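These figures come from a predicted structure and were not determined experimentally.
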Amino acid sequence: MKNYDFHHLLEPVEFQEFARDIIQVREKIRLEAFREGPDQGMDARCITPDGKCIVMQAKRWANESALRWKELREEKKKSGQDKA
């Protein structure tokens with residue numbers, strides 16, 4: 001399998017759309033997309049038939065994995081999903 005560098009291949013909005021499209025196909029859901037701007041960190045969302053809200057946030061970062069773990073933990077805290 002080829003190793004694609006999405007950081008250089010796609011612009012930020014293109015990457016966001018690509019990520020949204022992959023999740024829609026994989027999860028068989030329809031995600032509402034948001035334009036760039038003050039969206040409170042949301043790139044897309046889906047309200048399920050039972051009223052649950054699924055939020056998608058795409059990050060197009062260069063491959064610096066050691067630095068990214070800290071940033072991902074911070075994003076998790078902001079989303080309210082971090083129970084630690």
Checklist entry - So, the side chain of Asp43 versus the backbone of Gln16: is there a donor-acceptor pair under 3.5 Å, distance only? => result no
Checklist entry - Roughly how far apart are Arg20 CZ and Cys46 SG, rounded to 0.5 Å? => result 12.5 Å
Checklist entry - Mind checking whether Arg45 and Met56 have side chains closer than 4.5 Å, heavy atoms only? => result no
Item to check | Separation between CG of Leu31 and CD1 of Ile22, rounded to the nearest 0.5 Å | outcome: 12.0 Å
Item to check | Cluster overlap Phe15 with Leu9, hydrophobic side-chain contacts below 4.5 Å | outcome: yes
Checklist entry - Roughly how far, to the nearest 0.5 Å, is CD1 of Ile29 from CD1 of Ile54? => result 4.5 Å
